[in-house]
Each structure stands twice: as C-alpha cells, then as structure tokens.
Amino acid sequence: MQYKQEFANALIQVLGEALTEENITVMIEKPKFNSLGDLAFPCFELAKHYRKSPNSIAEEIANKIDLKIAYKVEPVGGYINVFLKKELVSMFTISKILKEGEQYGSSPNTNKVMTIDLSSPNIAKPFSMGHLRSTVIGNSLALIAEKQGYQVVRINHLGDWGTQFGKLIVAYDMWGNEEKVKKSPIKELLALYVKFHVEADSDPTLNDLGRAAFKKLEEGDEGTIELWKWFREESLNEFMKIYDRLGIPFDSYHGEAFYNDKMESVVEELKEKGLLVESDAAQVVEVENFPPCLIKKSDGTTLYATRDLAAAIYRQEKYHFDKSLYVVGNEQTLHFKQLFTVLQKMGYQWQEGMAHVPFGMILKDGKKMSTRKGKVVLLEEVIKEAIQLALTNIEEKNPNLDNKEEIANQVGVGAIIFHDLKSYRLNDIEFSLEDMLRFEGETGPYVQYTHARAASLLKKGNYSFKEDNQPNLLDEEAWPIIKLLFSFPEVIGKALDDYDPSQIAKTLLEISKAFNKYYAAVKILDEDQLYNRLSLVSAVKIVLKEGLNLLGIQAPEQM
Ligand code: ARG
C-alpha cells in the first residue's frame, strides 16, 4: 500500500545501494504493538553491511529520513518505527475508498489466464465435505484472482469415468429400479454401489462382470453408454442444486470422460519422448524420489493420472493458462507431484505455472465426516438446515424484517462458507452449525451483521458522499479501523500469492471488531461530526461488502 511504498522510497534515499528496493519493501513490518507506531523497519540485516550495531544504524537512519506522511520516526531496539500522521492518512484512505467504491483494492487487467480446477465431485456418489471445501476455497480464489486482474476459468473436473461405473451398471441391471433412481439419484445409486460390494464379497464373479461392463463402456457400447449418460445427468442435476444454493458458477463441466479420446496421443507422446517404461506389466513414468506415475494398467486401461495429463495439455492448448490451480484435498499431494513432474519431463515449460492447492478435512466431534456407509450426510440437507437455523435467529432478533427467507438464505450459506474460509486451508476444521451461525464471535453472520449495522447508520443519517467535501476525521478511536482499511488491498494480494482466502476472512473479522468498538465508544450520529463519521462508516461498509464478496458471501443490507 502507498504508505509502505512511501516509507520504502524514503529508506531508499538514505540507504542507497545497501539493499534492493524489493528487499526493503518486503522487510517493512507491522509493529507488534500499537504503541510502537504503524510501520517498522528492522535494521539487523544492515549490521553486516555497515559494520555497526543495528541500534546505531536505526538511529542514524531515523535522523536522516525525510517522510512527510509521518509525524514521528523513532529508532527503538534496532527498529525504525514510523508513526503516521493520522488525519492525513485517514482523510486519504476514506476518500479513496469512497471514490473507488467496490473497485477499491482491484488491480488492472493483467491479460493473464488462470484455470482453477475445483469442486470436481464423483458421479453416482454423494457430494462430500471435501468437495464442499474444494468448491468454497476454489471459488474464493477465483474471485480474488479476478480482483487481481486475472481472467479466470472455473473447471469442474467431474469424476465421471473409471471401473466403478462398470460395477454400477451391473448393479443397476441386477437390482435397479428406474423410478427410485429418478426420485433420489445419489442415494439410490450409492445404495446400488454398496450392495454390489457386499454381494461381490461372497460372489467374486461379480467383479469380472463389472470389469466387462466397464470395457463395454470404454468401447462405446450404445446401451451401456446410455445408462452411463443417464447416471451422469441425474447426479449432475443433484450437484447443481448445491451449486445454486452456494451461488457458484462454472465455465466447464468437462469431467474425466471428456478425455477418453485424448489420452492415446498423450501415451504416444510419452513413448516418443522415451519416458514410458514397463513395470509389472503396467506402463509407467519414473518420478525421482517418488513412486512412478501409472499411465496404463496391464489390461490396457487408463487411469486417473492419464486423464489428468490429457486434461492439463488440453487446458493449456485451449486456454493458454499462465497459472493453473488444482484445489484438491491433501491426500492427493502425491498424485499432483507425479503429474507436474511428468509434464516437466515432457518438456512443458508452462508446467511451472501449475500448483496443487491442498486443504485439510472437515471433522465432526474430532472425526472425519463420512458421506459413506449407511448414514450418508447429504450436503444439501446440511445447507437447508443452516438456512433454517439462520431463519430462527432472524425471527428472534428482527421479526419484522422483509424478505426474511432470502436473507436467511444469504446468512445460512454465508455462515457455512465463512466457517470454512476463516481458518488456513490446511487446518482441519470442526463442523458445528450452531457455532458457525452465531451472530457474535468469529462468524460470517457477525461480519454480515456489522455490515448491516453500517448500512442502517448510513440510512438513519441520510448519508451521501460528496467528492468535493473531503471527510476530515479526527477520532483517535477510528485509527485501528483506518489502518485495517488501508491495508486491505495488500491483504488481497497476499491472499492470492499464498492461495489463502483466510487472510481476507481474518481481516474482515478485525475490521468488524474494531468498528463495533468504535460504535460503542463514539456517538456516530452526532450532529457536528455526522459527515466525517458517516464517511468512515460508509468506507467500512464498502470494504466489508467487497471482502465478503471475495469469499463468495453476500452482504444483506438488513438482517
Ligand atoms: N474427483 C476427484 C475426487 O473426488 C477430484 C478431482 C480433482 N481434479 C483433478 N483434476 N484431479 O477425489
């Protein structure tokens, strides 16, 4: 952000060649305590260069530095601490936000393309908690990348191919019922799949039938294909209900099956490049320090990795991506290591722009939430329950609200998303609807509620921003809010660099807390200061709303 940059520029003037400009910018920190000022620069690394103690270097620099945005530059314990001129910074930050509106923190178009592989559930199986995480994290990264000027392509790489479809087809032929599948496709198809495994335990010939059915599918047998298409369609319809509720769009639903006719050429290419070797009658590519990547089984059928290879090459040819993310659980880390290494060995430079973005599990009472075995937790029902709970809360707090249903939708869904995104993605998270729906504490509804509070203040005060009337806010209590607001663009940038939406979620919580503290301490609707204070309220509202939107959450005006 500009204050950091100005401090960096002033340091460059003094330091000359001692450090590069880039290094200086990276080294500037936020002091641990407010009493130490607003920005800090550590001098420890300079000690070698100048052959002096960090303390005396800090003193020298602090004396020489010329920084107009600061009212004090103070050397303390090897650091240079900068105290910003609050009125100046406040005025500048608030005006900037009010002028730019929802564009605040946006970067110009980069002409760069990012593909994001997200959600990607498996046909004929329930949409798992893991798929929910991938959907929510992937969507937020997509929104953040768009804000940073990327053109983003959201790809739902459906798991719609593989030997399990042979088994399912056999099970349906033997025990299936069309009406039942139509009525609740996922439940019914899963039940058939489970039954197949139970029966196959005592009658292993079923497995042969399953393999034979998959072979027929791979060979394009019409009847089998029809059945597969129908399963796919019914499942996808169910998944769409979830995407609709979450409000998440996709640009492509090309699943694994799409790559059926695109794998042979990849296998040929691997052969030509001398990368394919035989191991236990299977075709593999060696990957240093890791198990080899399986390309073809001994019976000639292809695998998950083969389809991902074809998909990566297809995506590069079609979208010319600069970056390509895979938002997929932790447990597939090896798979992506292998995938990226094979592409690198094939000589594809663009492979450097690819990244696996892994995440941890969702737990219930400390245990992995299972979508399998009898008691299937259907995600759609969980979402409905969250919305219902949100509605109950709203009935209690604000029974006269218009369009309660719609707002309950935004709050219920927002609560689930926020709960997921507020912790760093690699952490496991505990799933508790009651916790995530609380209006106080570190929840989505709390941030939404703060936003609605700001909206209501602006309405009460009949506020509108006038460009020629610069707000001049002198409240000491506003300063923590201002600092959070002016670092918001920087937070967005870091969230993308680290593929970590939790940095945005955490900032929103901090802004909400700081704002509610301010609200309690200062009479915002005071006549004399009305315009200045409501300008701050308006800036807070803009940033909260935009921040929530970057997480994929809506910000109701009332709740
Ligand atoms: N369908 C897979 C699963 O549920 C996830 C696919 C992730 N994307 C990919 N290109 N491999 O585990």
Side-chain angles (χ1 to χ4, degrees), residues 114-139 141-142 152-165 168 186 189-190 193 228 231-232 235-236 238-240 242-243 248 250-260 262-263 266 287 293-295 302-319 321 323-343 348 350-351 353-362 368-372 376-379 425 499:
M114 180 186 286
T115 61
I116 303 188
D117 184 308
L118 74 162
S119 198
S120 312
N122 301 318
I123 294 299
K125 295 234 179 109
F127 193 101
S128 74
M129 287 294 156
H131 296 124
L132 175 67
R133 293 213 73 185
S134 167
T135 309
V136 161
I137 297 169
N139 182 55
L141 291 176
V152 176
V153 187
R154 293 166 171 81
I155 303 173
N156 198 336
H157 187 77
L158 296 169
D160 57 3
W161 207 248
T163 37
Q164 73 269 26
F165 288 96
L168 193 61
I186 307 230
L189 292 175
L190 181 70
Y193 188 67
W228 168 81
F231 293 159
R232 186 183 192 275
S235 294
L236 193 53
E238 291 281 284
F239 297 154
M240 290 311 273
I242 296 173
Y243 298 138
I248 293 182
F250 293 91
D251 301 297
S252 160
Y253 291 92
H254 285 330
E256 295 185 42
F258 177 76
Y259 300 99
N260 271 336
K262 298 173 182 58
M263 282 183 288
V266 178
V287 177
C293 181
L294 264 169
I295 302 294
T302 54
L303 293 111
Y304 183 55
T306 330
R307 293 188 272 283
D308 256 331
L309 266 181
I313 294 170
Y314 174 84
R315 287 172 193 176
Q316 175 56 224
E317 279 171 4
K318 178 155 172 90
Y319 303 112
F321 62 75
K323 290 239 153 75
S324 176
L325 309 188
Y326 294 81
V327 186
V328 184
N330 222 346
E331 62 287 349
Q332 294 196 27
T333 299
L334 173 62
H335 166 72
F336 287 104
K337 263 252 136 66
Q338 293 171 322
L339 177 66
F340 301 160
T341 312
V342 174
L343 288 166
Y348 290 124
W350 45 259
Q351 164 286 136
M354 299 173 84
H356 175 212
V357 180
F359 51 82
M361 285 185 291
I362 297 193
K368 183 174 177 184
M369 247 178 128
S370 171
T371 41
R372 291 187 171 209
V376 187
V377 187
L378 285 185
L379 189 63
R425 59 184 157 75
Y499 306 132

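Atoms within a ligand are numbered from 1 in the order they appear, just like the ligands themselves. We're numbering straight along the sequence, starting at 1. Worth knowing before you read on, the calculation uses all heavy atoms, side chains too, and leaves out hydrogens, waters and symmetry mates.
Nearest residue to atom 6 (C) of ligand 1 from Trp161, Phe127, Tyr304 is Tyr304 (criterion: closest heavy atom).
The shortest contact between atom 12 (O) of ligand 1 and any protein heavy atom is with Gln332 NE2, 2.9 Å. For atom 8 (N) of ligand 1, the closest non-hydrogen atom of the protein is Asp117 OD1, 3.0 Å. Distance from atom 4 (O) of ligand 1 to its nearest protein heavy atom, with residue and atom name: His131 NE2, 2.7 Å.
Residue-ligand proximity, Asn122 to ligand 1, at heavy-atom distances under 4.0 Å covers atoms 1 (N), 2 (C), 3 (C), 4 (O). Every atom of ligand 1 with a heavy atom of Tyr326 under 4.0 Å away is listed here by number and element: 10 (N).
Expressed to the nearest 0.5 Å, how far OG1 of Thr115 lies from CZ of Arg315 amounts to 6.0 Å.
The side-chain heavy atoms of Lys337 and Val287, taken from C-beta on, include no pair separated by under 4.5 Å. Residues Tyr259 and Asp308 form no side-chain contact, since every pair of their non-hydrogen atoms from C-beta on lies 4.5 Å or further apart.
Using the six-membered ring where Trp is involved, Trp350 and Phe321 have ring planes that are perpendicular, over 60° apart on the 30 and 60° scheme.
Remark: Phe258 pairs with His254, Tyr314 by the ring-ring contact (aromatic ring centres under 6.0 Å, His included) rule, at least two apart or across chains.
At least one N/O-N/O distance between Asp308 and ligand 1 falls below 3.5 Å.
Ring centers of Tyr499 and Phe359: at least 6.0 Å apart, outside the cut-off.
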